[in-house]
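Here is the structure we will look at, set down as structure tokens.
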Amino acid sequence: MRTPRPVDPCDFVIFGGTGDLAVRKLLPALYLRDRDGQLTEGTRIIGVAKAGLDEPGYRDKIQAELARFVPAELLDAEIVERFLARLRFVSIDLTEPSDYAAVADLLASSTVEIRVFYLACAPALFGPICAALGAHNLATETSRVVLEKPIGRDLASAREINDAVGSVFDEHQIFRIDHYLGKESVQNLLVTRFANTLLEPLWNSSRIDHVQITAAESLGVGSRGDYYDRSGALRDMLQNHLLQVLCLVAMEPPTHVNRESVRDEKRKVLQALAPLSADDIKRDTVTGQYGPGLVNGEVVGSYCQDCENPDSRTETFVAVKAEVRNWRWAGVPFYLRTGKRMSQRFSEIVVQFKPVPLPMFPGIEGASEPNRLIISLQPDEEIRLEMTAKEPGSGGRLRPVSLALNYTEAFQDRSPDAYERLLMDVVRGDPTLFMRRDEVEAAWAWAEPILHHWHDSGRVPRTYPAGTDGPVDAATLIERDGRRWHEGAA
Ligand code: BG6
């Protein structure tokens, strides 16, 4: 791998510096960037949280968390020490504006110009934190603010948050993170489409039969039951991650690969999503909730047990049939699905091409298998083009064989985690891979009627046993169109 370009020194402030996201994702990602020499001298990482810790206590805690969340072979005692020396900690009540004076004092003790304010906390705090930063004159020209999803729980609350943050920071300073856009294979989708000539002539409704986008997880909600029970799979995954991936599959070539052109094209896709009527929602959306079951040989409890709400109607699985109503895609179904506690963890995009116009090998087993382009995001990052080939020998069957590009094998390197790439983009001030306000609002405008309809019609998610592929209705959703879900690599 090329040596990454160092970024300018910065004060990287994490609100919610002791929380799940900070310790599991952000601090390990920053450590790994430090390890690769990307953090420069003078860079400080400032945890802000209401926790009864002092600075040495915070360093001890983060040292222990790094040992949990960074693979042992990437932990290097000398670099860990250098990284820990960058850490500062401020204990404040995030809802108390006057407490931010302590953050201001700490920031005033350095002359570095770039400030990153990472809001790794509940969205309800985004507005108040930004207001406090504004009141203490901390939102300088060279500051950026990073908002974690979900941005609101519907269109109105998303607008409210965007207005509150926008009254302190300019849009170019606001980085709405969707970590799916930082995954190597998702970025590579842009390259596959726009740095090669092969696919473009096929990339439309005359050649493509349908597209599937799946993000399946074998884990349950873990310790996030409280948050999750107020969100559900549509708000947590589909409205953001899956729609962003859909945008990259469906967008037109941008004029340039730069911050505004790419985001302009994604926004156009979101605005072209056909609105779903009440009848469409009834027919084309499926919800499920996991019950007890067996996952990887282990007996696990139900969602209601996990979130400690016996009456919960929150969906842990959602499948939707969507359409991008524009000239390129009209009539091509996009089947989206995501769920927790499924049989395996895999995320992939399947682009299935139309069958041959005239069957040339009638009666031979395997002759009717369509070509598929499979872009696997996890567990392995790879792109496979499934072509039909003949098995050796006379009278051999036909079967799909893959032309495969596996990143690990091709580049022999560790793929950086999505957060590693995105955090460095924030420090550099490059928002190309972040969601612009109009994108977030367009995504909500499409998703919100689904949530309303489910609520108003009293929809109860179907139970599916943990460790399976979701409720049977999800199979029906696609099978009634004469198609079937592609079930990952396993
Ligand atoms: C997060 C969701 O955004 O993405 C989680 O809030 C989900 O519920 C996670 O588990 C999945 O991310 P990944 O990268 O493991 O697919």
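Start at 1 and go down the list; that is how both ligands and their atoms are numbered.
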Query - Neighbour count above 12 (heavy atom, 6.0 Å) for E160 CD - result: no
Query raised in the report: Is there at least one pair of N or O atoms, one from Y227 and one from ligand 1, spaced under 3.5 Å apart?
Result: no
Report summary line: Taking only non-hydrogen atoms of K183 and a 4.0 Å limit, the atoms of ligand 1 in range are 13 (P), 14 (O), 16 (O)
Requested in this report: Among all protein heavy atoms, pick out the one at the shortest distance from atom 10 (O) of ligand 1; state its residue, atom name and that distance to 0.1 Å.
Outcome: E217 OE1, 2.5 Å
Query raised in the report: Going by the atom numbers of ligand 1, which of them fall below 4.0 Å from some non-hydrogen atom of K340?
Result: 5 (C), 7 (C), 8 (O), 10 (O)
Report summary line: Between V145 and the options V426, I129, I174, V13, the side-chain contact (heavy atoms from CB on, under 4.5 Å) test singles out I174
Query raised in the report: How far is atom 6 (O) of ligand 1 from its nearest protein heavy atom, and which residue and atom is that?
Result: D236 OD1, 2.6 Å
Report task. Using non-hydrogen atoms of the residue, decide whether Y180 is closer than 4.0 angstrom to ligand 1. Result -> yes
Query raised in the report: Quick one: is the NZ or CZ of K61 closer than 6.0 Å to the six-membered ring centre of Y58, and within 45° of its axis?
Result: no
Query raised in the report: What's the shortest distance from atom 12 (O) of ligand 1 to any protein heavy atom, and which residue and atom give it?
Result: H179 NE2, 3.1 Å
**Report entry** Location of contacts on R345 toward ligand 1, heavy atoms closer than 4.0 Å
**Finding:** side chain
Requested in this report: Evaluate the ring planes of F169 and F117, with Trp represented by its six-membered ring, and classify them as parallel (under 30°), tilted (30 to 60°) or perpendicular (over 60°).
Outcome: tilted
Query - Shortest non-hydrogen contact between L138 and S143, atoms and distance - result: O-OG, 3.4 Å
Query - Within-cut-off N or O pair, S347 and ligand 1, under 3.5 Å - result: no
Query raised in the report: So, the side chain of R176 versus the backbone of M435: is there a donor-acceptor pair under 3.5 Å, distance only?
Result: yes
Query raised in the report: Taking it one step at a time, do L276 and W446 satisfy side-chain contact (heavy atoms from CB on, under 4.5 Å)?
Result: CA-CA 8 Å; L276 298 181; W446 178 78; 4.0 Å; yes
